[in-house]
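Just so it is clear, the values below take in all heavy atoms, side chains as well, and ignore hydrogens, waters and symmetry mates. Each chain gets a letter, A, B and so on, in the order its sequence line appears, and its residues count up from 1.
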Amino acid sequence: MEYVVIAYLFLSILLYVVLGGADFGAGIIELFTSARNKNRTRDTLYRAIGPIWEANHMWLIITIVILFVAYPLIYAEMSVYLHIPLLVMLFGIIARGTAFVFRHYDAVKDDMQHLYNRIYFASSFITPLFLGIIAGSVISGHIDHAATSFADVYIFSWLNWFSIGVGLFVVALCGFLASVYLIGETDNPEDRRRFINKARHMNIAAVASGVYVFITAWIDGIPLVNWIFGTTIGLIAVIAASISLVVLWILIYSGNAIIIRMLAGFQVTMILLALGYAHFPDFIVITNGTNLTLMDHRATMQTINALGWALLIGTIFIIPALFYLYYKFKHKEYPHE
Amino acid sequence: MDDFLAARSQMALSLGFHIIYACIGMVMPFFMAIAHYKWFRTNNIVYRNITRAWSKGVAIFFATGAVSGTVLSFELGLLWPGFMKHAGPIFGMPFSLEGTAFFIEAIALGFFLYGWDKLNKWFHWFTGIVVGVSGLASGILVVSANAWMNSPAGFDYVNGEYINIDPIQAMFNDAWFSQALHMTLAAFAATGFAVAGVHALMILRKKNEVFHTKAFRIAIVFGAIAALLQPVSGDISAKDVTQRQPAKLAAMEALYKTEKAAPLIIGGIPDEETQTVNYKIELPGMLSFLAHGDFTHEVTGLDRIPKENHPPVAITHFAFQIMVGIGSFLVLLALLYFISLKKRSWYDRKWFLKLFVMAIPLGFIAVEAGWVVTEVGRQPWIIYNVMRTADAVTPMPGIAYSFYMFTAIYLSLTAVVIFLLRRQIQMVPVLYDRNDSTNPPAH
């Protein structure tokens with residue numbers, strides 16, 4: 001059962017990055033869209049993510065519940081040492097969720113829309129940035145139990161070039177996912193071209209920030225290269241991701257929207273797999289080398305069993321409903337709402 | 001502000017904010033389902049419009065409730081890591097089930113809000129019901145987790161270790177039923193009266209009277225029935241608290257001295273120094289009766305409880321008075337409503353409608369007061385008789401600043417939500433009811 005729980009933990013993180021990430025990415029794309037096209041982009045975007053965004057963000061809740069029920073020490077450790085970035089991420093989550101709904105459900109469309117938009121853009125950028133910073137900090141080994149000053153304990157645990165690099169990488173990844181996703185949401189050739197262009201820019205940004213992450217990891221002495229290229233699984237995953245990226249760019253002009261979405265999702269899966277596989281079972285890396293691991297720092301088996309069953313039973317209810325939701329709202333016609 | 005107080009304040013603020021949105025988000029879907037059903041049955045377009053108007057409110061409240069709920073799941077650790085480190089595996093079961101319920105609620109809401117004219121009409125109606133039922137389930141599960149803090153179960157605490165953990169037993173702790181029942185009824189009463197009150201206000205202003213009258217009648221039935229049932233659930237809770245948490249009961253009633261035939265104290269200002277209550281009204285023997293079902297039974301006072309385990313008496317007592325006072329007022333209002341079903345002419349009377357307008361915030365004030373009773377009344381414990389709140393707080397300094405930020409954010413969110421609702425209501429004549437304002441009121 002403990003592997004069931006671990007599988008759900010990675011699955012929920014993955015789905016949050018892919019689905020929730022595409023939602024954040026939609027805001028990032030809108031931010032980088034010229035004023036002339038903003039309204040049209042917003043329209044496509046609203047039709048695409050309006051019905052499903054709440055469900056996409058549930059994966060974060062599942063992740064956090066698994067963490068605090070099954071790995072309370074890891075959850076408590078993150079809560080203490082990464083308090084500040086978690087707080088910023090929460091502010092981003094509040095701002096993004098509410099601004100997105102408020103701008104749509106404001107019965108009068110006036111200057112308030114600018115305010116909602118500004119908040120929506122800023123939070124769509126900040127939230128994945130800090131999500132990445134948190135992920136980077138968890139593995140970068142700057143959490144120092146021996147530290148005493150406020151700055152060393154609560155700030156330099158996460159504020160370093162590597163973590164920021166991971167943050168930027170996640171932002172670019174979200175933008176890329178969203179652009180690829182939105183290509184399939186419009187029939188207008190001009191819009192399609194614009195989204196393809198966006199996907200290209202975001203892809204370049206992701207590669208650039210990825211390179212930056214490797215460089216900072218090397219400077220910082222984080223064995224990122226070893227983690228990813230040092231294991232067979234990691235190597236296969238990276239090669240698979242690269243090949244699928246090439247296929248995606250070949251198919252992007254003509255291909256089936258579902259296939260290119262799958263390919264983009266596949267790439268993210270491979271990246272997380274490569275990293276997760278090498279890193280497992282460690283979860284949080286601590287300066288003195290006593291890492292918190294998913295095997296040694298889990299709750300008792302009674303709890304793990306109960307949680308595992310709850311997740312398995314929950315899945316029976318959630319998955320069919322979720323698929324039907326995606327299926328039902330995948331049509332491109334304008335909804336009446 | 002010291003860090004401990006700041007952490008408690010931030011938690012209280014976040015819960016106090018979330019609870020309002022959660023209540024509305026779980027109750028309003030049932031109002032919508034009734035209006036929706038009436039539309040199918042009567043073919044009267046007004047019911048369809050009411051459903052749609054309410055669904056926009058639900059979308060706004062659900063989104064705000066969902067993000068504030070997400071925040072809470074992090075705040076548990078951000079503010080109380082010492083608590084979560086031990087409690088997570090024990091009382092986590094309802095949270096893992098709640099994850100599913102909440103997920104289903106979000107999916108169903110997507111169907112409901114965007115499914116107009118796209119789905120089979122009964123399937124569409126059904127998704128609205130699913131939103132309500134899963135919302136209700138979420139609420140009950142979260143309350144059951146809170147009940148565990150009041151009534152710890154499902155583990156043995158030996159030499160500072162938490163062993164023999166049984167998450168299922170923890171979930172079905174002694175307090176879960178009475179707390180969940182009281183909270184669920186409170187959610188229906190508060191939301192019912194608040195929604196009905198808003199529509200009563202619009203009837204008073206002679207705007208779209210057909211629309212608002214129909215909406216009023218649906219909402220008030222839920223509110224009135226819940227308000228009438230609430231005293232029964234309150235009685236169950238009181239007897240339960242007497243058994244499990246005598247310190248809380250004593251604080252609620254500001255009972256400093258253990259007494260036989262203890263009086264029920266109404267109002268009054270507790271004085272910590274002299275251990276007395278000034279300016280009170282006493283009903284002799286009533287507390288003994290309410291707590292034990294016997295006018296002469298002994299009720300444990302604060303003198304039997306070590307000083308360091310006393311909850312803050314004044315806050316708990318005041319909050320309890322406010323809750324019971326408002327609850328009683330809503331019971332009267334509920335009775336008045338049922339009488340008005342016979343006396344139709346009351347509908348045109350201003351005093352009648354004004355009473356309901358007055359009640360708009362009252363139910364939620366009572367909900368907040370009730371939470372103050374149960375949370376402040378549990379202090380100084382975070383896990384009753386096992387772990388002190390002060391031992392659970394985060395070591396991080398400067399929590400006051402995060403408290404100020406959350407206060408600013410939640411205040412502005414509240415302001416924006418009120419602003420949005422006002423606009424939605426103002427747009428009723430344009431969006432749903434173009435001709436109605438000139439029509440005579442229909443009865």
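Of the inter-residue distances, the one linking B:F74 atom CZ with A:F68 atom CZ reads 10.0 Å to the nearest 0.5 angstrom. Note: A:I94 CD1 to B:S412 OG = 9.5 Å, rounded to the nearest 0.5 Å. To the nearest 0.5 angstrom, A:Q302 atom CD is 7.5 Å from B:D166 atom CG.
B:P395 and A:V80 make their closest contact through CG-CG1, 3.8 Å (heavy atoms, listed as atom of the first residue, atom of the second, distance).
The main-chain N or O of B:G77 is found under 3.5 Å from a side-chain atom of A:Y75 such that the two form a donor-acceptor pair.
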| query | Is there a side chain to side chain contact (heavy atoms under 4.5 Å, CB included) between A:Y105 and B:L420 once you walk through the steps? | reply | CA-CA 8 Å; A:Y105 282 98; B:L420 288 172; 5.8 Å; no
| Between A:L60 and B:T70, does a side chain to side chain contact (heavy atoms under 4.5 Å, CB included) hold up when you go through it step by step? | CA-CA 8 Å; A:L60 178 65; B:T70 309; 4.0 Å; yes
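Annotation: side chain of B:Y162 is not in contact with side chain of A:T300 (no heavy-atom distance under 4.5 Å). Taking 4.5 Å as the limit, some side-chain heavy atom of A:F102 sits within range of a side-chain heavy atom of B:L413. Put simply, the side chain of B:M396 does not reach to within 4.5 Å of the side chain of A:Y81, judged on heavy atoms.
A search for salt bridge (charged side-chain N to carboxylate O under 4.0 Å, His left out) contacts involving B:R423 returns A:D106, A:D110, not counting sequence neighbours.
For B:I399, the part lying near chain A is the side chain, with the backbone staying farther off; criterion is any non-hydrogen pair under 4.5 Å. Of the atoms belonging to B:Y401, not a single heavy atom falls under 4.5 Å from chain A. Heavy atoms of B:I409 lying under 4.5 Å from chain A belong exclusively to its side chain. Contacts of B:M427 with chain A are made by side-chain atoms alone, with heavy-atom separations under 4.5 Å and no backbone atom involved. Proximity to chain A is absent for every atom of B:F112, based on heavy atoms less than 4.5 angstrom apart.
Taking non-hydrogen atoms and a 4.5 Å limit, the residue list of residues 111-132 of chain A in contact with chain B, ordered by number, reads A:M112, A:Y116. The stretch residues 90-107 of chain B places B:G92, B:M93, B:F95, B:S96, B:L97, B:G99, B:T100, B:F102, B:F103, B:I104, B:A106, B:I107 near chain A, each with some heavy atom under 4.5 Å from a heavy atom of that chain.
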Donor-acceptor pairs are to be reported for all side-chain atoms of residues 79-87 of chain B against protein atoms at under 3.5 Å, with residues two or more places apart or in another chain.
none

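A side-chain contact (heavy atoms from CB on, under 4.5 Å) with A:S79 is found for one member of B:L76, B:L78, B:T394 and no other, namely B:L78.
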